[in-house]
Structures are given as structure tokens and as C-alpha cells.
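Basis for what follows: all heavy atoms, side chains included, without hydrogens, waters or symmetry-related copies. From a predicted model like this one, the values you see are computed outputs, not experimental measurements. Ligands are counted one by one from 1 in listed order, and the atoms in each one are counted from 1 as well.
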Amino acid sequence: MDAKVRVRFAPSPTGGLHLGGVRTVLFNYLFAKHNNGEFILRIEDTDQSRFVSGAEQYILDTLAWCGLSPDESPVHGGAYGPYRQSERKADYKKYADQLIAQGNAYYAFDTPSDLEAKRAEIPNFQYSRAHRMEMKNSISLSAEEVEALLKNNTPHVVRIKMPENEEVVFEDIIRGEVCFDASTVDDKVLLKADGMPTYHLAVVVDDHLMKITHAFRGEEWLPSAPVHILLWKYLFGLDQMPKWAHLPLILKPDGHGKLSKRDGERLGFPVFAMDWTDPITKETTIGFKEKGFLPEAFINLLALLGWNDGTDKEIFTMEELIANFSLDRVHKGGAKFDYEKAKWFNQEWIKIMDNEKLSQLVQPYFDQAAIEIHEHDYLVKIIGLVKERCHLLPDFITQSAFFFKAPTTIDTASIAPKWEVKKQQFFEALVGIYTDHISAGKQTIPAIELEAHFKELATLHELKPGELMLPFRIMLVGGKFGPGVFEIVEAIELKDTCNRIQYCLQLLSTN
Ligand code: GLU
């Protein structure tokens with residue numbers, strides 16, 4: 001029987017999580033859940049110089065918001081911990097030693113200034129087979145010299161010795177067979193002078209120790225793959241290696257190049273999952289969450305960036321994605337990001353979502369806009385009336401503020417050109433009728449009846465209801481938007497309706 005599927009997301013905690021990163025998490029997660037496997041979060045924090053405070057917590061918060069909870073992680077625990085590489089330092093050295101003993105790696109004693117001098121001398125210098133012998137390492141130096149340097153604790157790193165004339169070949173689930181000429185790749189550092197492994201050694205050792213069966217990551221890691229494949233071959237055997245899939249890039253809207261944080265800033269859309277505040281510059285980059293996306297929609301749109309189920313279906317719940325996901329339907333080419341389409345997904349999810357649940361999500365926006373909600377049930381009802389018109393959660397404010405307080409700015413300019421005494425009389429009569437209803441104890445009337453009364457009154461005044469609808473809407477809402485006019489009247493009730501009509505009639509008469 002095949003081993004239990006175990007996949008990992010292995011971010012370096014260096015800042016906000018790009019939507020491409022979340023899509024990598026998602027594909028890992030869906031694959032794991034589809035196969036009853038386990039999804040592991042491993043924090044790759046061996047590069048202390050890139051440490052960013054708060055970045056790990058941000059990743060955890062983002063996964064929680066997206067509903068992509070790991071089975072094992074630094075906070076969820078698990079049988080293969082620790083799940084932070086900085087806490088696994090002791091594990092790596094023995095593998096570096098093994099590689100040296102086997103002749104697959106070597107000590108390099110070059111100082112930073114040695115390397116700088118070499119870079120100045122040779123354009124595009126690479127520490128590789130071509131220049132290895134010109135440098136200070138355990139291949140170029142004699143055994144005695146090396147021994148003496150080690151004995152004196154001379155600072156050194158361990159580098160992989162990339163083989164000569166070897167093709168590194170592996171099978172990528174998405175791309176098929178991938179080949180690299182090993183001699184074009186430099187001798188990457190595996191263990192740094194501080195005893196910390198680099199990403200290359202740590203990723204292979206940990207994938208092995210954590211029994212990872214499938215490793216899926218962004219296409220930007222493809223150039224590193226030959227180093228990883230060789231390390232697998234030297235340390236654990238290729239038959240032990242996880243199956244690889246390098247996921248296609250998410251491209252700029254015009255399809256030219258990878259979508260970057262800067263593109264988002266330039267074009268006015270989020271690229272990070274959630275707001276990220278740089279702890280040093282204090283600069284905040286907006287996230288999908290804070291922009292007003294629902295996590296369900298964010299997940300749905302990410303899944304469809306580079307994958308489909310073979311039909312035209314576009315709206316998927318997490319359960320449906322888990323049931324339908326398969327890597328052979330992931331496209332090889334990059335997927336263009338289309339923000340309008342992303343908003344469409346959100347709108348579709350807003351339509352589906354339960355109004356009560358939406359009310360909890362939009363409440364903070366109402367608080368922010370200082371709109372007081374006196375009755376929770378009223379908010380839930382209004383949400384039902386306007387949700388079809390909302391793409392993002394803050395749209396609920398623009399689309400429904402007038403249900404909670406009368407508009408302060410009224411677009412009378414759109415009424416004035418066709419305004420006439422007949423219409424003025426009509427609205428005065430309407431106020432009269434509503435006032436009679438109020439006196440008879442009615443606060444409101446169902447929308448259907450309101451519409452019927454309105455039409456009858458229009459006929460009586462020899463006006464077409466069509467000519468009266470736009471002015472009426474503007475009187476109630478302030479502008480040319482909103483749900484059905486009579487639904488609005490029913491919700492804001494007769495007294496408020498009369499006040500708004502009268503206020504507007506006054507404005508029109510003083511114009
Ligand atoms: N630590 C790498 C990153 O920051 C992980 C690459 C991989 O999954 O192998 O994305």
C-alpha cells in the first residue's frame with residue numbers, strides 16, 4: 001500500500017503572503033484532503049538575516065482566515081516537530097558531514113572579501129566547477145591545509161559539489177519530464193558559517209524527516225530543483241524522494257510577467273491575502289480580507305487560477321474543491337489575474353451567503369461609518385435587499401446607508417430638468433395618502449400594495465409611473481441606485497418616506 005499522503009507548505013516568514021503563496025497552500029491542502037492525507041505547515045526560517053517579526057503569526061492568521069488549517073505546524077504540533085527550521089539546527093549538520101564524507105560536498109573557507117574580489121574580477125561570477133579550483137576550499141587545498149584551517153576554527157561554509165557531465169532528470173506532475181545540465185548550476189552553499197543550513201539542505205532533510213510524499217511549490221523554485229534532486233540522490237536515494245509539482249505563476253493582468261505587490265499598488269487591487277504592515281517602515285499593504293473579500297470567494301477564485309474541473313462550473317465550495325481537485329487539471333501555463341473577475345466571484349459568494357452571517361461581517365463597516373444599527377433584524381433584512389448589488393463588503397455601506405439615515409446629498413440636478421407642477425402635485429398627494437395611512441395606524445405597507453397605489457395615483461394625475469420612478473428613487477436614496485423603490489419605502493416606512501419626499505420637494509422649489 002502507498003504511504004499516507006503528506007504534503008507541506010514551507011514558507012519563509014519574510015512578509016505578507018502573496019495570493020500565489022495562498023494558492024500553493026490551497027493546492028497542497030486540496031490534494032491532501034482529497035487523498036485523506038495530511039497537510040503540514042513548516043516555517044523555513046533558517047535565514048536569520050531575513051527574519052521579520054510578526055511574519056509567522058501573519059501566515060498562521062492567513063491560513064486560519066482562509067479555512068486552510070494545517071494538521072501539523074508550529075502551533076498545531078504533530079509527530080514530526082519541531083516545525084520551525086531554526087529549531088532543528090542540530091539535525092542538519094550530520095547530513096552536511098555525510099555529503100562531505102561521500103565527496104558530494106566540500107568546505108569553502110573564502111572570506112566575504114575573497115568573494116567580492118572574485119566578483120569584481122569575473123563578470124557574473126558563479127562559484128562552480130569552472131572556478132572552484134581558484135578558490136579556497138577543500139578541493140583546491142591540500143588535506144593538511146584543510147585540517148589546519150578546520151582545527152583553527154576558520155569560518156567556513158559547506159557547498160554542494162555539482163557533478164560534471166550529468167543530466168539531472170525528474171518527473172514533474174504538471175510539466176512531465178524536466179532536465180537540467182548539472183554543470184550550469186553553481187555549487188550552492190548548504191551549511192552556512194553560523195552552522196545554519198541554507199534552504200537547499202534544510203528543505204531536503206526536512207521533507208525526508210517529515211515523510212513528505214508530494215512537494216508542490218511555485219514555479220519560481222524550478223531552478224533550484226536540480227540541487228534538491230541531487231541532494232535526495234546523495235542522502236536518501238531517489239526512490240525516497242517526494243513527487244514534485246511546480247505550480248504555474250500567477251501573471252499580471254496583461255499576461256506579461258509574474259504578478260507583484262507593485263502591480264497591485266499600481267492598478268489598485270490587493271495582492272496579499274490580508275493586510276500586511278511592515279514592522280520597520282510601518283507601511284501597510286492592503287489585503288483581500290480587508291478589501292472586503294469573503295474567504296470562500298478568495299479560495300474559490302484562487303482555485304480557478306490555473307485549474308478547472310473540466311466543465312464550465314466556476315463556483316465551488318471547499319468541499320466541492322476537495323472532492324474534485326486533481327493535479328492533472330492544473331494548467332502548465334501561467335494564469336492571468338483579473339481583478340474584475342475576482343470581484344465577480346465575491347459578488348456570487350455574497351449572493352449565496354446567509355444574510356445573518358453577512359450581517360456579522362458587515363457590522364464593523366457600519367461601525368466605522370458611524371451608522372447606528374438599532375435593530376439587528378432590520379439590518380439582516382436590508383442585507384437581503386441589497387446583496388445582489390455588492391461586490392465587496394464595504395459596498396454594503398454605499399448600497400444601504402440610506403436605509404438607516406436619510407441621505408444628506410440629493411441629486412436634484414437629475415430631477416430638475418424634467419420637473420413640472422404636475423409632478424409636484426403628484427408627490428404632495430402621495431404624502432397625503434401616506435399620512436392618512438399613518439393616521440390609520442399603519443407604519444408601513446407591503447411593497448406590492450405600495451406599487452399599486454402609486455400607479456393608480458399616477459393615472460389619476462395623468463402621469464406615467466415611469467416618469468415618476470426616477471424622481472421618487474432620488475428622493476429616497478439621494479441618487480440613481482438601490483433596490484426596488486417600493487421595497488425601500490416598505491423598509492424605511494411611511495413616515496420617513498414622507499419626510500424624504502417633503503425635504504426634496506422643498507429643495508426643488510428653492511432651485
Ligand atoms: N521556503 C521556500 C519558500 O519560501 C519553500 C519552497 C519549497 O516549497 O520548497 O517559498
Fill in: Salt-bridge present (Arg84, Glu87; N to O < 4.0 Å)
yes

Worksheet item: Protein residues near ligand 1, heavy-atom distance below 4.0 Å?
Response: Arg8, Ala10, Pro11, Ser12, Glu44, Tyr199, Val203, Arg217, Trp221

Discussion item. Leu361: which residues meet the side-chain contact (heavy atoms from CB on, under 4.5 Å) condition with it, sequence neighbours left out?
Written reply: Leu294, Met353, Leu393

Practice prompt. Only pairs at least two apart or in different chains count here, so list each side-chain hydrogen bond (donor to acceptor under 3.5 Å, both in side chains) that has a residue in residues 158-169.
Written response: Glu166-Lys233

Worksheet, complete the sentence: Residues pairing under side-chain hydrogen bond (donor to acceptor under 3.5 Å, both in side chains) where one sits in residues 389-400, two or more places apart or in two chains, turn out to be Gln347-His391

Worksheet item: For the rings on Phe27 and Phe216, is their centre-to-centre separation under 6.0 Å?
Response: no

Worksheet item: Per the ring-ring contact (aromatic ring centres under 6.0 Å, His included) rule, which among Phe288, Trp65, Trp349 passes with Phe293?
Response: Phe288

